[in-house]
J.: 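For reference, the structure I am asking about is given below.
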There are 2 protein chains.
Amino acid sequence: MKRVRLVDVAEVAGVSTKTVSNVVHDYPHVAPELRRRVQAAIDKLGYRPNLTARRLVTGRTGMIALAIPEIDHPYFSELSRQIAEEAARRNYRVIIEQTLGKLDAEHAVLEDREAGLVDGIIFHPVSIGALSIAKLHHDTPLVLLGEGAMPATSDHVMIDNVAAAAEAVHFLLRQGRRRIAFLGVVEDDVTFSTDKRLLGYQQGLIEAGLDPDPGLVLSVKDFSSEASGEAVRAALERGVSIDGIVCRDDKFAAGALRACAAAGISVPDGIAVLGWDDTAIGKYTTPSLTSVAPDKSALASTALELLTERIDGFRGVGRHRIVPHGLTIRGSTPSVSAELAVPRGEPAVPSA
Amino acid sequence: MKRVRLVDVAEVAGVSTKTVSNVVHDYPHVAPELRRRVQAAIDKLGYRPNLTARRLVTGRTGMIALAIPEIDHPYFSELSRQIAEEAARRNYRVIIEQTLGKLDAEHAVLEDREAGLVDGIIFHPVSIGALSIAKLHHDTPLVLLGEGAMPATSDHVMIDNVAAAAEAVHFLLRQGRRRIAFLGVVEDDVTFSTDKRLLGYQQGLIEAGLDPDPGLVLSVKDFSSEASGEAVRAALERGVSIDGIVCRDDKFAAGALRACAAAGISVPDGIAVLGWDDTAIGKYTTPSLTSVAPDKSALASTALELLTERIDGFRGVGRHRIVPHGLTIRGSTPSVSAELAVPRGEPAVPSA
DNA sequence: ATACGAGTTTACAGCGCTGTATCTTGAGGC
DNA sequence: GCCTCAAGATACAGCGCTGTAAACTCGTAT
């Protein structure tokens, strides 16, 4: 059963292919009667335009590629959803490319592998450097996400990680916490996110007149929640005094929660734990997780806005946009009002 | 800056476009010297084939659509990852379509909206019925996933939900649990998954010579973990005696865990909780979750296998494949060995 | 009656690529 | 020395659609 083509419809309706095309596209100057006849033929034959053919001639594919490290990481799947929905609103479809953070896969994203396949690329790089991006990037419109490489030539969207981390610290300080740890720095970490968050953490302490204690910056073996839990366990065992933890992501926070539970320390009473990314993970932990919340919806719409502008011909230099962030407050930090009611003068010292 | 085309390369190399095409495709009968010359021209000009044009002539797009309810639901994002990786292995790209389980979106998936855009569709339906699928489905190769509609005409892949639920029940029975609840039946549930799992649950009890107690089939207001927790809380408050819960998915199980904790009942000592889908959620709950584990990798590879066969011309009737499932054992159920060591004769009765 | 132009409709080229059929070449057989 | 044949290279049509420009229609102005 051959697919129905424009010519088939044209023949049945007794008009030219262009007229059929005009009807399909709702071109205004088509006589009502003809429009009816053509529409009837379309319905009768069940005609559907061949998008590939349309693309070849228009040069537009109506698709954008979304290149992210892992599709099943909660942050990225939640972000993907926002982007897919925002893209749909603008009549674009999304094809998802998983890089697993690997350098060669990230190179492939830029190397026009999608040549003529997508109109633009939204890319959350992890391993690749700014220089490589600038070098490899041809002319497919590109918007970068995250705290990784950000060459001046490309558009870029992120939240203000430094400010967010400082705010997270202030949030805990307001609740009387004084021994706030940062979890954590990963050995051989190639990502830039941690740096920014660590910087903001230190900045927050300094702003409050506190001296950052290097012993409170916990280092973690890898990016798993097991490793982060292990790091917290080890710190507590060493006798490090901690009454709050700012984590680089929700996974790490989940590990911290486990370690606290294992050590018999109550969260949030003994230690307050603060995650990052406001992913679904935070809804399932015990207690549930207070987490820095990037505005994923704003992230998505800003990325799409920049990208569509490029697709529509904008040729200026790279634009850098900061989107809002907030703090989703759940059970792993004391409620602010409770704190205000019973201000604590002394930092809580864990028993382990 | 115009894109480099085949003709541009041909001109530089001083050969026909077809020869360049042959080089690009590694066609064997090309003289080594010519191949070198053409390759040099390709490299020099930075030529990348225009996939859209190639598609128009070959009729193959190299893309498959994956239509799922929610991309950021852990089960679906994990499944998506498997499918994307399996597809990549077979040189297909995946475009993801989110239906949100809505009927009109599910209709759209089948209505050739992707006409000429994808070579095939992998579709996890929720709302649409078997009849509608049979009626709407044109000739784009299609493979269905899940327990929803499964018209005889379409290929279909799932796990044996009835058997898995029965096994889950037996697993708890072996540990001496006797008051096993099923969580839960959702009012106005349009999905078929619950039915199958409930059936298997009842079957498992009957096989063990137990009489299913209707009071142990908990009904839940919606699909959130809050609602499932509420259902468990209410049951416990009514004084229903429960020592084990088989849940229709991990989200429900997470809600159950919270309800137990709130009621002061230890999991797994007082109540054993068993989730479904083996999603990442189970790693973050307290305790971590024992969960029925569909073999997502087998699901993905089987779906791709059936789909590519159809794409490659197979025209037979719908094939139905059952893929394996297992049980990922974590903290929400007692370890089997401990149970064997200390067999319990009496069901544990929760204190609430 | 003729010209004009706004509104309709069409012919045709061509997007960039590949499949088919065809042509060229040179080695080997007689 | 001529013919055969396979390997190597090419010409050309055409995938299904849309943009452009030209053509046609018909009511109104001249």
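Below, chains carry the letters A, B, ... as their sequence lines are ordered, and counting in each starts from 1.
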J.: What nucleotide among D/dT10, C/dC15, C/dT10 has an atom nearest to a side-chain atom of B/Ser16?
T.: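 Within the option list, the nearest is D/dT10.
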
J.: Would A/Asp312 and A/Arg60 pass as an ion pair if we require N to O under 4.0 Å?
T.: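 So A/Asp312 pairs with A/Arg60 through a salt bridge.
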
J.: Look at B/Arg36 together with B/Glu33 and state whether they make a salt bridge at an N to O cut-off of under 4.0 Å.
T.: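 Between B/Glu33 and B/Arg36 there is no salt bridge, as every charged N stays at least 4.0 Å from the carboxylate O atoms.
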
J.: Start at the 5' end of DNA chain D and walk down; is the nucleotide closest to B/Thr19 or to B/Ala53 reached first?
T.: B/Thr19

J.: When the distance from CZ of B/Arg54 to P of D/dG16 is rounded to whole Å, what number comes out?
T.: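 Nearest whole value for this atom pair: 18 Å.
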
J.: Whole angstroms only, please: what is the CZ-C1' distance between B/Arg37 and D/dA9?
T.: 11 Å

J.: Report the distance from atom CG of B/Asp8 to atom P of C/dG16, rounded to the nearest whole Å.
T.: 9 Å

J.: Rounded to whole Å, please give me the gap between CG in A/Leu34 and C1' in C/dT10.
T.: 11 Å

J.: Between B/Arg81 and B/Glu78, does any side-chain N to carboxylate O distance fall below 4.0 Å?
T.: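 Looking at B/Arg81 and B/Glu78, the cut-off is not met.
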
J.: Does D/dG8 have its OP1 or OP2 closer than 4.0 Å to a side-chain nitrogen or oxygen of B/His29?
T.: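 Yes, B/His29 has a side-chain N/O under 4.0 Å of OP1/OP2 on D/dG8.
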
J.: With a 4.0 Å limit, can you tell me whether A/Thr58 has a side-chain N or O closer than that to the phosphate oxygens OP1/OP2 of D/dT18?
T.: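 It does not, given that no N or O in the side chain of A/Thr58 lies less than 4.0 Å from OP1 or OP2 of D/dT18.
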
J.: Indicate whether OP1 or OP2 belonging to D/dT18 is found under 4.0 Å from a side-chain N or O atom of A/His25.
T.: yes

J.: From the options A/Thr58, A/Leu56, A/Leu117, select the one residue that forms a side-chain contact (heavy atoms from CB on, under 4.5 Å) with B/Thr52.
T.: A/Leu56

J.: Hey, does the side chain of A/Ser21 come within less than 4.0 Å of D/dT18's phosphate (OP1/OP2), counting only N and O?
T.: yes

J.: Rounded off to whole Å, could you give me the CZ-to-C1' distance for the B/Arg3 and C/dC17 pair?
T.: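 Distance, rounded to whole Å: 12 Å.
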
J.: Please check the phosphate of D/dT10 (OP1 and OP2 only) for any side-chain N or O of B/Tyr27 closer than 4.0 Å.
T.: no

J.: May I have the distance from B/Arg55 (atom CZ) to D/dG14 (atom P), rounded to whole angstrom?
T.: 24 Å

J.: Considering only side-chain heavy atoms of A/Val57, which listed nucleotide, C/dG14, C/dT10, C/dC17, is closest?
T.: C/dG14

J.: Quick check on DNA chain D: between B/Lys18 and A/Val7, whose nearest nucleotide comes earlier from the 5' end?
T.: B/Lys18

J.: To the nearest Å, how far apart are A/Asn22 CG and D/dT20 P?
T.: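 Taking CG of A/Asn22 and P of D/dT20, I get 13 Å after rounding.
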
J.: Can you measure A/Leu6 atom CG to D/dT18 atom P for me and round it to whole angstrom units?
T.: 6 Å

J.: Is any NZ, NE, NH1 or NH2 atom of the basic residue among A/Asp26 and A/Arg35 found under 4.0 Å from an Asp or Glu carboxylate oxygen of the other?
T.: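 Answer for the salt bridge query: yes.
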
